[in-house]
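On a predicted model such as this, the values are computed, not experimentally measured, just so you know.
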Amino acid sequence: MKPNRIPFVLTVVAALVSVAFMPAVVVAASPNIEALQAKPQGTERLSALLGRQGWLPGLHAAEYRLSSLLVLAPSSADAIEQQMARDRAIQNLRLANRNNTALQRVLQRVGAMPVNGRLKLESTDANYLQARPEFDPVLNSTYTVVLPQATNTVTVLSDLGTCVVPHQSTASAQAYIEACIGKQSAWKSWLGVEMPMDWAWVANPNGTVEQLAVNGWNEQAQGGPAPGSWLWAPSRKVEGEQKQHEAIAGFLATQGEFVQAVQAPQAHSVVAIEQKTLLPEFDEAEPKPLETSEPWYLSSSDWGVVGLLQTPTARMRQAGSYSATFSRTSPYSRYSFMLQPFDWMEAGFRYNNLTNRRFGVSTTNLDQSFKDKNFDVKFRLMQESALLPELSVGFRDVAGTGLFSGEYVVGSKRVGAVDFSLGIGWGSLGAGGGITNPFKALGDSFETRPNASFGLGGTVDTNTFFKGPAALFGGAQVQLPWEDWVLKLEVEGNDYQSEPFGNNLEQSTNVNVGLLHRVNDYMDFTVGYERGTEVMVALSFHEKLDTFGTPKLSDPPSPKVNEAPPTGPVSWPAVLEELKQQTGWVATQVQGDEGELKLIIDEADAGYWQYTIDRATAVLHKHAPAEYAWFNYEYRAKGQKISQHIVDRNLWVRQRTTLLPNAWRDMPATKQRERVKYPYQTLHLNPQSPWKTSVSAGYRQILGGPDGFILYQLSALGNVSYELTESTVASGRVRAALLDNFDKFTYTAPSNLPRVRTFQREYATTSDFTIPNLQLTHYGKLGSDVFYTTYGGLLEDMFAGVGGEVLYRPMNSTVALGVDINSVKQRDFEQDFGLRDYQVNTGHATLYWDTGFEDILVKTSVGQYLAGDKGATVDLSRVFDNGVKMGAFFTRTNVSAAEFGEGSFDKGVYVTLPFDAFFTQSVAGTANLVFNPLTRDGGAKLSRSVELYDFTNARDPRLLTYQNPAAQ
């Protein structure tokens with residue numbers, strides 16, 4: 001077919017635009033190439049058009065690139081959104097860079113490019129699109145589909161130069177930028193700042209955008225740009241926010257491999273159009289191919305924090321990470337567990353095992369080595385830039401016994417494959433001295449470090465911070481040419497002549513060296529030589545908990561979503577059975593009214609609620625008549641309405657059967673809100689048995705005690721409940737010990753308070769068959785937002801009694817307030833029905849606040865504790881998008897540190913993991929891993945089996961945002 005050419009007028013306009021923006025360089029004309037374009041036949045799917053045109057993988061002409069296919073909709077909502085985002089970014093960058101004339105010219109060129117409304121496609125494979133209709137757009141007569149002829153260039157846009165560079169498969173983004181703007185001086189290259197820009201954005205021809213680190217100090221492993229890509233590479237002097245650069249790159253991605261004026265072809269025909277660029281044609285530059293850089297690697301020190309060997313660095317892992325490190329350097333064995341709740345904070349706890357010192361208090365394990373427990377925390381003060389280092393301040397053993405306490409300020413700067421660190425340490429990190437304490441300028445008190453109080457520990461002794469001798473430390477981490485090997489070199493500031501308990505050690509040199517091997521993506525093994533006398537070995541495990549998930553391979557396939565609703569009668573028993581198979585939910589009633597179908601879900605729970613709601617909606621859409629445009633899931637528990645989710649059926653179906661414009665694609669089809677419409681017509685009743693029984697496994701442990709590093713017990717748990725009425729329940733649990741080493745458990749810690757928790761040995765070892773819980777509970781509501789419960793019986797392992805709680809929690813509110821009051825008596829050690837003499841009233845007022853800042857939840861309780869002491873507990877936690885929670889808590893009461901005993905006050909850290917993230921089948925519930933260094937009597941709370949904040953979890957405004965990253 002003879003191609004239609006662009007009209008002469010458009011050609012002249014394009015030529016004038018090119019001349020207007022042409023820089024003062026010699027240009028060379030290049031021949032134009034042709035692309036194919038087609039119009040849809042009426043309203044049809046993209047997959048149908050691709051099949052009709054023969055634009056299929058392996059079948060289309062080789063000179064055309066199917067992956068770069070463009071679906072253009074210049075009059076669509078997406079086009080308006082693209083233009084607004086581009087114009088807003090251009091305006092902000094122009095205002096912030098008024099004196100950068102080169103940037104102004106580049107922005108002018110970008111502003112002259114056509115707004116074509118290109119759709120973002122998941123795939124251009126017709127077979128894939130047919131199988132996944134949610135990614136297969138419905139085209140209409142205003143759309144144009146363009147199959148571009150493959151180009152073999154990469155276009156660089158920068159305020160330092162704009163050019164078209166021939167593509168080379170071995171070239172990185174740095175190579176294309178260097179070819180366009182030229183090389184920098186040798187000394188800048190040595191410093192790891194090879195180019196005057198640090199970041200670039202590649203707009204791939206398939207419409208995706210990726211941010212790249214392109215300088216020596218920050219580069220990561222990355223593939224080279226694909227042929228036909230754009231590289232947006234603003235220099236370091238360009239002022240602007242990252243989102244503005246992302247918007248520019250996003251707009252470039254809409255242009256595909258070329259910028260062209262689309263000619264309206266004849267209806268239902270395929271024509272060849274001229275691929276013309278609105279950018280001037282530059283002399284082609286030959287890029288110098290560069291090898292892809294190895295990924296920069298963060299690893300743990302001997303102490304578990306990100307660092308070298310004995311010394312920390314300023315580096316931080318990504319938020320949501322954790323690491324567990326086990327290291328041995330005689331005479332110390334260290335077991336460290338570190339969490340990264342924020343990008344700017346690393347914190348965790350550690351056991352130091354002093355193998356040449358004894359606990360000395362156990363009657364069953366006289367050789368048990370001394371275990372020291374401590375907390376660490378590190379804060380990032382400044383992120384690394386091209387010229388400035390990353391800077392952090394940290395505290396070692398900040399809230400333990402203080403045996404190894406120390407503070408440090410450290411900076412880290414990367415130069416290509418080498419990461420240098422230099423810091424100054426105090427306490428255990430600066431015991432070797434060698435420099436004058438810089439804080440001495442603030443007063444003579446900083447010259448001498450006060451002796452730490454090792455007796456009780458647990459307090460944050462700010463009186464010692466940054467005081468006493470100071471020493472420099474530092475070193476380098478070198479990424480070796482072999483990807484899985486890292487060399488570590490350091491000079492430490494400790495001379496080992498001030499070790500705890502007079503445990504001073506020989507040190508022939510303060511230079512340490514180590515070699516790290518990356519065993520796999522989550523495990524490192526390190527061997528080193530330290531102090532000039534000792535071999536060190538370490539094994540470190542690390543994982544990104546916030547992205548952790550498991551594909552749901554064992555879930556039944558979700559029903560196929562058809563555009564048309566079903567016809568014919570509905571068998572509600574069959575529907576509810578399928579609903580239970582798909583979600584685990586039990587619907588006790590089906591109701592209908594004025595286009596709305598409501599399901600009453602009893603005791604609803606889910607690992608990930610949106611995932612479960614989508615599966616439930618797929619079942620209802622498969623069976624429910626077309627008259628129902630809304631699906632209402634109302635959640636009830638113990639006769640109380642907790643919450644409800646409303647699903648817009650039509651929008652939900654459209655989002656799963658066609659590729660919608662962004663505005664519709666991102667609109668939530670499921671909303672959590674109060675919706676009261678009476679009367680509903682009852683369509684089906686599904687009554688349930690009042691009896692519920694289950695069997696599960698139990699596990700408990702005690703870490704770091706004098707009787708053994710770990711004492712454990714495995715048990716079988718039998719659970720039963722009976723609903724006397726819809727809102728009154730009798731429930732109980734029995735425990736049978738199966739396997740344990742509690743025969744070693746002989747040590748009972750001393751206490752100056754009523755023994756409400758320090759009798760844990762007696763409760764754990766007296767009987768192998770116990771009744772941890774047996775109680776009668778009544779639930780109710782005082783209005784739509786106020787819940788209450790009253791209860792009585794054997795409330796927990798150690799206490800029986802009566803109590804109640806009231807909670808005010810509005811729907812979707814970020815704030816809740818609860819009050820609980822209890823009168824309890826201590827149980828016998830056998831944990832049957834006997835009681836001891838000790839009795840106490842306990843209760844708290846608790847404020848729950850989802851701050852919205854860094855996903856932080858604050859929980860503050862004020863009241864009286866089991867030992868009769870009065871005070872407050874503060875719990876701070878962060879919940880990530882996959883439901884993983886990292887938190888810490890502490891309690892301060894009117895009991896002094898001396899009266900409280902070892903540890904000074906109650907505290908701990910914890911991680912909560914959704915079970916759903918670990919199994920191939922969807923499952924509700926969470927695993928709570930708590931590290932509480934000591935069990936003491938002060939600040940002890942009653943462990944209630946029902947807390948109304950958890951009971952009303954379905955009211956959480958973030959409930960639908962939690963997603964299993966691997967569920968799809």
Side-chain angles (χ1 to χ4, degrees), residues 304 322-326 333-339 348-353 359 361-365 367-375 400 458 539 541 543 545 695-717 719 733-749 755-770 772-773 796-798 829 831 884-889 902-903 906-913 915 918 925-937 939-941 943 945:
Y322 98 100
S323 65
T325 303
F326 311 95
S333 297
R334 298 187 174 94
Y335 312 89
S336 304
F337 305 88
M338 294 294 158
L339 301 174
F349 60 92
R350 177 187 310 107
Y351 283 99
N352 283 311
N353 185 7
F359 243 123
V361 294
S362 175
T363 60
T364 60
N365 191 355
D367 292 330
Q368 167 76 346
S369 59
F370 186 85
K371 304 294 189 298
D372 176 57
K373 312 174 187 73
N374 45 75
F375 288 87
L539 190 63
F541 301 88
E543 183 64 83
L545 292 180
V695 177
S696 58
Y699 175 76
R700 52 182 173 175
Q701 67 181 21
I702 301 168
L703 291 176
D707 292 323
F709 178 67
I710 179 170
L711 302 175
Y712 65 90
Q713 182 184 74
L714 292 172
S715 58
L717 302 174
N719 307 283
R733 168 178 289 183
V734 294
R735 176 193 289 130
L738 300 178
L739 179 67
D740 62 43
N741 63 349
F742 280 177
D743 57 312
K744 299 179 180 179
F745 196 0
T746 62
Y747 177 70
T748 298
R755 287 186 175 275
V756 296
R757 292 301 185 209
T758 51
F759 275 145
Q760 69 168 333
R761 180 187 67 82
E762 287 77 1
Y763 280 103
T765 61
T766 300
S767 175
D768 288 336
F769 185 84
T770 60
N773 175 261
E796 52 140 284
D797 297 66
M798 301 183 186
F829 297 147
Q831 296 172 67
V884 169
K885 179 190 292 187
M886 296 181 180
F889 64 89
E902 184 181 357
D906 191 49
K907 56 193 165 295
V909 297
Y910 61 91
V911 178
T912 300
L913 304 170
F915 283 134
F918 294 90
T926 57
N928 299 305
L929 309 177
V930 183
F931 171 72
N932 190 286
L934 295 165
T935 299
R936 290 292 177 263
D937 297 313
K941 274 188 174 184
S943 179
S945 62

May I have the step-by-step check of side-chain contact (heavy atoms from CB on, under 4.5 Å) for T770 and Y763, ending in yes or no?
CA-CA 9 Å; T770 60; Y763 280 103; over 6 Å; no

Would you please indicate if the ring centroids of F829 and F759 are separated by under 6.0 Å?
yes

Would you please indicate if the ring centroids of Y351 and F326 are separated by under 6.0 Å?
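No; F326 has its ring centre 6.0 Å or more from that of Y351.
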
How many angstroms lie between [atom1] in [X] and [atom2] in [Y], if you round to the nearest 0.5 Å?
X    : Y    : atom1 : atom2 : answer
D372 : N353 : CG    : CG    : 10.0 Å
R350 : F337 : CZ    : CZ    : 11.0 Å
L539 : T325 : CG    : OG1   : 8.5 Å
S323 : L339 : OG    : CG    : 8.0 Å

Is there a donor-acceptor pair closer than 3.5 Å between any side-chain N or O of [X] and the backbone N or O of [Y]?
X    : Y    : answer
D937 : T758 : yes
K371 : S369 : yes
N773 : S945 : no
N932 : K907 : yes
Q760 : T935 : no

Determine the minimum heavy-atom distance between [X] and [Y], stating which atoms define it.
X    : Y    : answer
A697 : L717 : O-CD1, 4.0 Å
A940 : V756 : CB-CG2, 4.0 Å
Q713 : A764 : NE2-O, 4.1 Å
G304 : S336 : CA-CB, 3.7 Å
N741 : L711 : OD1-CA, 3.3 Å
A749 : R936 : CB-NH1, 3.3 Å

Hey, are the side chains of [X] and [Y] touching, using non-hydrogen atoms and a 4.5 Å cut-off?
X    : Y    : answer
T912 : V884 : no
N374 : N352 : yes
Q831 : R735 : yes

Scan Y910, Y335, F931 and name whichever one has a ring-ring contact (aromatic ring centres under 6.0 Å, His included) with F349.
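Exactly one candidate clears the test, F931.
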
Where do F918 and L913 land on the side-chain contact (heavy atoms from CB on, under 4.5 Å) test, with the steps shown first?
CA-CA 9 Å; F918 294 90; L913 304 170; 3.5 Å; yes

So, using side chain to side chain contact (heavy atoms under 4.5 Å, CB included) as the criterion, who are the partners of I710 when residues are at least two apart?
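Only Y699, Q701, L703 meet the side chain to side chain contact (heavy atoms under 4.5 Å, CB included) criterion with I710.
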
Counterpart residues, ring-ring contact (aromatic ring centres under 6.0 Å, His included), relative to F742 (two or more places apart):
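By the ring-ring contact (aromatic ring centres under 6.0 Å, His included) rule, F742 matches F745.
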
Check R757 with E796, please: is the shortest side-chain N to carboxylate O separation under 4.0 Å?
yes

Salt bridge (Lys or Arg N to Asp or Glu O under 4.0 Å) against D740, all qualifying residues, sequence neighbours excluded:
none

